[in-house]
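The structure appears right after this line, and notes come after that.
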Amino acid sequence: MVDREEQYVLRVQDKAVAARIRKQLNQEHSKAKLDVRLDASHSDGRTGQFSFGSEVLPVTLLDLPCVVESYKTYDDSHLVKMCDVGQMLHVQTEGTSQPEHFESINGVTPAMRNARKRHFNNAHVDHQEVQAVEDDLLQLASGRAPQNMIIEDIEEEYKIDEHGNGSWQPVEKKAAPKVLLNVKGEPGTKPKRKKPVKKAPPDVEQL
């Protein structure tokens with residue numbers, strides 16, 4: 001049975017301590033020991049102590065704004081997904097107060113800074129507007145157009161002009177073929193013309 005790999009995101013607030021931890025972890029034969037002890041009897045087991053050598057700092061387990069995927073590579077070419085990380089260990093400086101809510105405001109990358117406020121804020125939505133959109137979706141799913149809306153089906157084709165520039169243009173609709181009517185007025189048949197009958201010349205009596 002293969003042991004399940006466990007991963008976590010570690011964020012250290014003190015830059016000097018973070019630099020020492022990174023240096024120790026990058027050494028080939030490092031004897032650095034990281035120890036995290038969370039107090040299960042306080043704050044739902046989300047607060048505790050982080051120890052690294054002689055450093056003992058408070059640590060808090062925070063929820064990330066979104067799940068982070070972690071990958072591993074052995075040849076710097078092919079990536080293999082290893083784990084989904086949804087929480088982060090936030091190591092604080094001594095004397096820092098504990099957060100009121102155990103949700104990280106920022107994500108892992110710089111693009112996710114203040115992501116919870118910018119992307120996941122509690123927007124106020126009008127319930128009548130939601131109901132109207134739901135009704136329109138039901139109309140579309142049943143093959144009908146929503147109220148006060150006309151659906152026009154336009155067929156387009158990609159054309160390239162003489163200068164080599166391409167663009168999508170509507171397909172020119174061809175004129176419908178003319179329907180011929182016969183003598184009785186029935187569509188789809190062509191009136192038949194009577195062929196002239198050639199009469200044989202009369203016999204010439206021999207004199």
Side-chain angles (χ1 to χ4, degrees), residues 1-138 140-141:
M1 181 177 179
V2 181
D3 295 336
R4 182 179 178 182
E5 183 170 339
E6 296 182 358
Q7 300 179 1
Y8 59 90
V9 177
L10 179 65
R11 174 169 290 173
V12 182
Q13 189 173 353
D14 192 338
K15 295 182 179 181
V17 177
R20 290 198 298 270
I21 294 175
R22 186 179 293 107
K23 182 179 179 180
Q24 290 292 332
L25 294 178
N26 290 333
Q27 292 180 1
E28 185 175 356
H29 302 287
S30 176
K31 296 182 179 180
K33 183 180 180 181
L34 302 177
D35 187 22
V36 177
R37 296 182 181 273
L38 298 177
D39 188 3
S41 61
H42 186 262
S43 300
D44 297 331
R46 287 178 174 265
T47 59
Q49 288 184 341
F50 170 82
S51 60
F52 172 72
S54 60
E55 298 282 350
V56 179
L57 299 171
V59 63
T60 306
L61 181 63
L62 302 178
D63 295 334
L64 291 172
C66 60
V67 176
V68 178
E69 297 180 350
S70 64
Y71 292 82
K72 180 180 290 186
T73 180
Y74 295 97
D75 54 3
D76 294 332
S77 178
H78 299 86
L79 298 176
V80 180
K81 182 179 177 180
M82 301 302 298
C83 191
D84 288 328
V85 183
Q87 293 179 318
M88 172 184 65
L89 290 171
H90 185 215
V91 180
Q92 301 159 305
T93 57
E94 196 67 38
T96 305
S97 59
Q98 298 292 341
E100 297 180 0
H101 304 285
F102 299 101
E103 295 179 346
S104 177
I105 300 176
N106 305 317
V108 177
T109 61
M112 292 296 291
R113 179 174 296 176
N114 203 17
R116 192 176 294 276
K117 183 178 181 180
R118 291 187 293 112
H119 298 289
F120 305 104
N121 57 347
N122 296 324
H124 298 285
V125 181
D126 187 5
H127 295 285
Q128 295 182 355
E129 183 179 356
V130 174
Q131 184 64 37
V133 173
E134 183 179 357
D135 294 339
D136 293 343
L137 291 176
L138 292 176
L140 291 173

All N/O donor-acceptor pairs, side-chain side in residues 63-70, below 3.5 Å, sequence neighbours left out:
from  : atom 1 : to    : atom 2 : distance (Å)
Asp63 : OD1    : Arg46 : NH1    : 3.3
Asp63 : OD1    : Arg46 : NH2    : 3.3
Asp63 : OD1    : Gln87 : NE2    : 3.0
Asp63 : OD2    : Arg46 : NH2    : 3.2
Glu69 : OE1    : Tyr71 : OH     : 2.6
Glu69 : OE2    : Lys81 : NZ     : 3.4
Ser70 : OG     : Gln7  : OE1    : 2.4
Ser70 : OG     : Cys83 : N      : 3.3
Ser70 : OG     : Cys83 : O      : 3.3

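Every residue was checked against the side-chain hydrogen bond (donor to acceptor under 3.5 Å, both in side chains) condition with Asn114, not counting sequence neighbours, and none meets it. For Asp14, the salt bridge (Lys or Arg N to Asp or Glu O under 4.0 Å) test picks out no residue, with sequence neighbours left out. A search for salt bridge (Lys or Arg N to Asp or Glu O under 4.0 Å) contacts involving Asp35 returns Arg37, not counting sequence neighbours.
Counted within 6.0 Å of CD1 on Ile105, heavy atoms from surrounding residues, nucleotides or ligands total 12 or fewer; the atom is thus considered open.
Rounded to the nearest 0.5 angstrom, Leu57 CG and Glu94 CD are separated by 6.5 Å.
Taking the side chain as every heavy atom from C-beta outward, Val17 and Val91 never approach each other to under 4.5 Å. Contact check for Val59 versus Thr47: no side-chain heavy atoms found under the 4.5 Å cut-off. No side-chain heavy atom of Val12 sits under 4.5 Å from any side-chain heavy atom of Phe52. Between Thr60 and Phe102, some side-chain heavy-atom pair lies under the 4.5 Å cut-off.
Listed by first and then second residue, the salt bridge (charged side-chain N to carboxylate O under 4.0 Å, His left out) pairs that reach into residues 48-59 are Arg20-Glu55, sequence neighbours excluded. Screening residues 101-113 for side-chain hydrogen bond (donor to acceptor under 3.5 Å, both in side chains) gives no qualifying pairs among residues at least two apart or on separate chains.
For the residue pair Thr93 and Pro58, the shortest heavy atom distance occurs at O-CG, 3.7 Å.
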- Task: Let me see the working for Val80 and Thr73 under side chain to side chain contact (heavy atoms under 4.5 Å, CB included), right down to the final yes or no.
- Result: CA-CA 6 Å; Val80 180; Thr73 180; over 6 Å; no

